[in-house]
Undergrad: 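There's a structure below that I have some questions on.
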Amino acid sequence: MTALDDRTPVIVGVGEITHRTKEAAEGLEPIELMARAMRAAAQDSGAAALLAGLDSLDVVCEYSWPYTDAPALLNARLGCSPARSVYGVTGGEAPVRYIHEAALRIARGESQVAAITGAEARYTVDAAAKLGIPLAWTPRDDSVKLVRGTDICHPVAIKLGAAMPTTIYPFYENAALAHWGQTPRQAQDESSRLWARYSEVAAANPYAWLRKPFTPEDIARVDAANRLIAWPYTKHMVANPLVNMGAAVLLTSVGHARALGIPEDRWVYVWEGAAAREPRDYLQRDQYHRSHAQDLVMETVLAQVGGDASAFEMLELYSCFPIVPKMARRTLGLAPEARMTSTGGLSFFGAPLNDYMTHAAAGLVRALRAAPKGKAALLYGQGEYVTKHHALVLGSSPPPQGLPKPDYDVQAAADARRGPVPPLVLQYAGAATLETFTVAYGRDGQPSQGIVIARTPAGERLMARVEATDTASLKVLTDLDRSPVGCVGTVTAGADDLLNWSVS
Ligand SMILES: CC(=O)SCCNC(=O)CCNC(=O)[C@H](O)C(C)(C)COP(=O)(O)OP(=O)(O)OC[C@H]1O[C@@H](n2cnc3c(N)ncnc32)[C@H](O)[C@@H]1OP(=O)(O)O
């Protein structure tokens, strides 16, 4: 057996905090949640000296209470002075990338102790705002630029109210179920069963926000407590950002872990990974029934463990909306009833925006420590609007291939799979075939409008509204027994320079 390279990166400490208070005055600000998670991670490693030697810090981009300089505030709270202190960019996959890149820096000998941390406190922030209670926290800095859908999406999508994740992911759901030959009812059944299993995991996770198992019926049934958000997703099928949560992951090298006396039963190894992205503007994509970037990332990590997903003892497949793990599990060749989370998912564990995957990493680390030697786990995060994909293989034993490979980018292979992108037209009248769609609902449970992406007979793409008063078209869009994708409607000029689509 070859000796283990001292530069081999290992995760040695994980920490999480979930602060489930209803009292705004008791709420902890995000920087404090991060500080507590970092201290918990150091304690978890068993080496108090670990934080003193921190040389690299990544703070996951935070939205609920923006700070002028979050890394500096955190370092001051912890008494650390890492040479590399970076505030992240938006994206739910970001923690996976930061862990991967921290491991590569350690393998290159550029870093000895690295931390990834993040937190959100939107539950408290929103509760305090509703009650008009000022929060005695570090002053927030609203001049900090936070990327929103309106910075990313095409102007026509913004005008149509389709620049939010809750509207965009249903475009993929509705296109994919038609492509897979499912009826909407079958797809809804798959989503609610899948989500029920995520909720069971959350129920057993002490850090989860909603610690109760939900049945598939609870998740799919539309009622006052579980209103439709955007067809076909109910409130229980979408990520819950109203949480107070923080998490941290600490990495070091095998050599340094030994020097600090960190016991081997704390070590979890970083094996390999892959990343790719879709065009940021979703109207510039070739179709909506799959993500080439996700496919390539999944295929690459599958090949890294020998081509059979059963090699993953446990998985975390990102779960902001059911379509993301539903697509990923098909590419991995997993059975519908496979367990795809160790955390509980963004609807039930909770969705601290960009930071869910730091919690997911913590959960997988704990699970791998308890697993037999030689086992692998898959950590897959996704960001923006089915846009950024990053997967990382962790292991309970040293990586079989030696130090992790520096190049994890599979972008060129993903791009090579793309078909032609249809030109977008903003003015059009006549027949148009439905490519995909959603229906947005108000708080009263009534549809506020349908939003469709359709193709002209010349193959151009357009985006149009279905008026709330066009009940015949909305009935076709929400028929559970027949997908409307592929059906031909008529486009006419509508209000605000936008187009209307209606069933012919
Ligand atoms: C790459 C990515 O990760 S993309 C994903 C990005 N994240 C998202 O898009 C978040 C999507 N979700 C949401 O925006 C919100 O959950 C919404 C808008 C659907 C619902 O939020 P609200 O309108 O504020 O909720 P509402 O007023 O109906 O109910 C509030 C209560 O429901 C809870 N709640 C809010 N959302 C959810 C949810 N998705 N699931 C379960 N409970 C929820 C709140 O915590 C609150 O609980 P309380 O009664 O204990 O105080």
Side-chain angles (χ1 to χ4, degrees), residues 18-24 27 60-61 63-64 89-96 118 120-131 146-149 152-153 162-173 195 198-199 202 208-212 214 218-219 222-230 233-245 277-278 280 282 291 293-294 316-325 328 343-360 380-390 438 440-445 448:
T18 298
H19 199 236
R20 229 181 275 102
T21 178
K22 275 260 178 197
E23 295 301 319
V60 176
C61 177
Y63 274 65
S64 51
V89 294
T90 194
E93 89 302 348
V96 186
E120 293 286 353
R122 184 153 160 210
Y123 192 70
T124 296
V125 171
D126 279 17
K130 268 187 204 151
L131 296 170
L146 296 171
V147 174
R148 309 274 178 194
I152 295 174
C153 296
M164 300 280 288
T166 42
T167 354
I168 299 164
Y169 284 83
F171 291 147
Y172 276 85
E173 174 75 36
W195 248 223
Y198 272 79
S199 82
W209 195 258
L210 292 183
R211 293 206 54 204
K212 122 180 167 79
F214 288 78
D218 293 334
I219 290 160
V222 177
D223 58 26
N226 191 33
R227 65 185 196 274
L228 275 165
I229 303 296
Y233 292 148
T234 61
K235 185 170 157 188
H236 279 313
M237 288 180 180
V238 308
N240 177 10
L242 289 131
V243 295
N244 301 324
M245 290 177 159
R277 54 175 67 201
E278 295 292 325
R280 213 172 185 196
Y282 66 84
S291 156
Q294 188 198 55
E316 186 66 46
L317 299 186
Y318 199 76
S319 54
C320 47
F321 300 91
I323 189 59
V324 179
T343 313
L346 281 85
S347 297
F348 309 105
F349 174 84
L353 286 190
N354 296 313
D355 200 41
Y356 174 83
M357 291 308 291
T358 317
H359 291 271
Y380 160 61
Q382 187 248 215
E384 294 185 359
Y385 308 132
V386 198
T387 310
K388 301 194 275 175
H389 306 261
H390 203 126
T438 188
Y441 290 82
R443 293 187 78 86
D444 59 0
S448 53

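Counting starts at 1 for both ligands and their atoms, following the listed order.
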Undergrad: Assess E384 for proximity to ligand 1: is some non-hydrogen atom of it under 4.0 Å away?
TA: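 Right, E384 reaches ligand 1.
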
Undergrad: Using atom types as modelled and distance alone, determine if a side-chain donor or acceptor of T234 lies under 3.5 Å from a backbone N or O of R227.
TA: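 A pair under 3.5 Å: no.
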
Undergrad: Looking only at protein heavy atoms, which one is nearest to atom 42 (N) of ligand 1, and what is the separation?
TA: N240 ND2, 3.5 Å

Undergrad: Could you check whether atom 17 (C) of ligand 1 has a protein contact, counting only heavy atoms that fall below 4.0 angstrom?
TA: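 Neighbour list for atom 17 (C) of ligand 1 is empty of protein heavy atoms (cut-off 4.0 Å).
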
Undergrad: Going by the atom numbers of ligand 1, which of them fall below 4.0 Å from some non-hydrogen atom of Y123?
TA: 45 (O), 48 (P), 50 (O), 51 (O)

Undergrad: Using modelled atom types and a 3.5 Å cut-off, is there a donor and acceptor pairing between side-chain atoms of Y233 and backbone atoms of T167?
TA: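 Side chain of Y233 to backbone of T167: no pair is present.
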
Undergrad: Do any N or O atoms from the side chain of N244 and from the backbone of T124 form a donor-acceptor pair under 3.5 angstrom?
TA: yes

Undergrad: With a cutoff of 4.0 Å, is Y385 in contact with ligand 1, counting heavy atoms of the residue only?
TA: no

Undergrad: Only heavy atoms of T166, strictly under 4.0 Å: list the atoms of ligand 1 that pass.
TA: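 Taking each heavy atom of T166 in turn, ligand 1 has 11 (C) under 4.0 Å.
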
Undergrad: Touching ligand 1 at all, M164? Heavy atoms, strictly under 4.0 Å?
TA: no

Undergrad: Less than 3.5 Å between some nitrogen or oxygen of Q382 and one of ligand 1, yes or no?
TA: no

Undergrad: Please say whether more than 12 non-hydrogen atoms of neighbouring residues, nucleotides or ligands are located less than 6.0 Å from CZ in R277.
TA: no

Undergrad: Would you please determine whether R227 falls within less than 4.0 Å of ligand 1 on a heavy-atom basis?
TA: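 R227 counts as a contact of ligand 1 under the 4.0 Å cut-off.
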
Undergrad: Is the closest heavy atom of G92 to ligand 1 under 4.0 Å?
TA: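 No; G92 lies far enough from ligand 1 that no heavy-atom distance drops under 4.0 Å.
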
Undergrad: Between ligand 1 and F348, can you find any atom pair, the residue atom being a heavy atom, that is separated by under 4.0 Å?
TA: no

Undergrad: Under 4.0 Å from any heavy atom of Y318, which atoms of ligand 1 are there?
TA: 1 (C), 2 (C), 3 (O)

Undergrad: Give me the nearest non-hydrogen protein atom to atom 24 (O) of ligand 1 as residue plus atom name, then the distance to 0.1 Å.
TA: L242 CD1, 3.6 Å

Undergrad: Could you tell me whether the side chain of T18 and the main chain of A208 form a donor-acceptor pair under 3.5 Å?
TA: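 Judged by distance alone, no pair lies under 3.5 Å.
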
Undergrad: Give the residue and atom name of whichever protein heavy atom lies nearest to atom 49 (O) of ligand 1, and the separation in Å to one decimal.
TA: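 Sorting protein heavy atoms by distance from atom 49 (O) of ligand 1 puts K22 NZ, 4.0 Å first.
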
Undergrad: Does A239, backbone or side chain, put an N or O under 3.5 Å from an N or O of ligand 1?
TA: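 Indeed, backbone or side chain, A239 has an N or O that close.
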
Undergrad: Would you say the side-chain atoms of S199 pair up with the backbone N or O of F214, donor to acceptor, closer than 3.5 Å?
TA: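 Yes, S199 side chain to F214 backbone: donor-acceptor pair under 3.5 Å.
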
Undergrad: Taking the side chain from Y356 and the backbone from G350, do they hold a donor-acceptor pair closer than 3.5 Å?
TA: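 No; judged by distance alone, with no hydrogens or angles, the pair does not exist.
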
Undergrad: Of Y123, F348, F349, which is the lone residue that meets ring-ring contact (aromatic ring centres under 6.0 Å, His included) with W209?
TA: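 When ring-ring contact (aromatic ring centres under 6.0 Å, His included) is applied between W209 and each of Y123, F348, F349, only Y123 qualifies.
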
Undergrad: For atom 29 (O) of ligand 1, grab the closest protein heavy atom and report residue, atom and distance to one decimal in Å.
TA: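 Scanning the protein heavy atoms, the shortest distance from atom 29 (O) of ligand 1 goes to K235 NZ, 2.8 Å.
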
Undergrad: So, K388 side chain and T90 main chain: donor-acceptor pair closer than 3.5 Å or not?
TA: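 Here the side-chain-to-backbone pair exists.
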
Undergrad: Consider side chain to side chain contact (heavy atoms under 4.5 Å, CB included). Of E93, M357, Q294, which one does Y380 pass it with?
TA: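 So, applying the side chain to side chain contact (heavy atoms under 4.5 Å, CB included) to Y380 and each of E93, M357, Q294, only Q294 qualifies.
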
Undergrad: Distance-only, no hydrogens or angles: does the W195 side chain make a donor-acceptor pair with backbone N or O of H236 under 3.5 Å?
TA: yes

Undergrad: Which of the atoms of ligand 1 are close to I229, meaning less than 4.0 Å from one of its heavy atoms?
TA: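 Here the atoms of ligand 1 in question are 19 (C).
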
Undergrad: Considering only protein heavy atoms, which is closest to atom 6 (C) of ligand 1, and at what distance to one decimal place?
TA: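 It is P165 CG, 3.9 Å.
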
Undergrad: Side chain or backbone, does H236 bring an N or O within less than 3.5 Å of an N or O on ligand 1?
TA: no

Undergrad: Would you mind checking which non-hydrogen protein atom is closest to atom 27 (O) of ligand 1, with the distance to 0.1 Å?
TA: R443 NH2, 2.5 Å

Undergrad: Among Y385, Y169, Y172, F171, which one satisfies ring-ring contact (aromatic ring centres under 6.0 Å, His included) with Y282?
TA: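 When Y385, Y169, Y172, F171 are each tested with Y282, the ring-ring contact (aromatic ring centres under 6.0 Å, His included) holds only for F171.
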
Undergrad: List the closest protein heavy-atom neighbour of atom 13 (C) of ligand 1: residue, atom name, distance to the nearest 0.1 Å.
TA: P241 CD, 3.7 Å

Undergrad: Is a donor on one side and an acceptor on the other found under 3.5 Å between the side chain of N226 and the backbone of D218?
TA: yes

Undergrad: Please check: side-chain N/O of N240 versus main-chain N/O of A351, any donor-acceptor pairing under 3.5 Å?
TA: no

Undergrad: Does ligand 1 have an atom under 4.0 Å from some heavy atom of Y356?
TA: no

Undergrad: Between V238 and ligand 1, does any nitrogen or oxygen pair lie at a separation below 3.5 Å?
TA: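 Checking ligand 1 against V238, an N or O pair does fall under 3.5 Å apart.
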
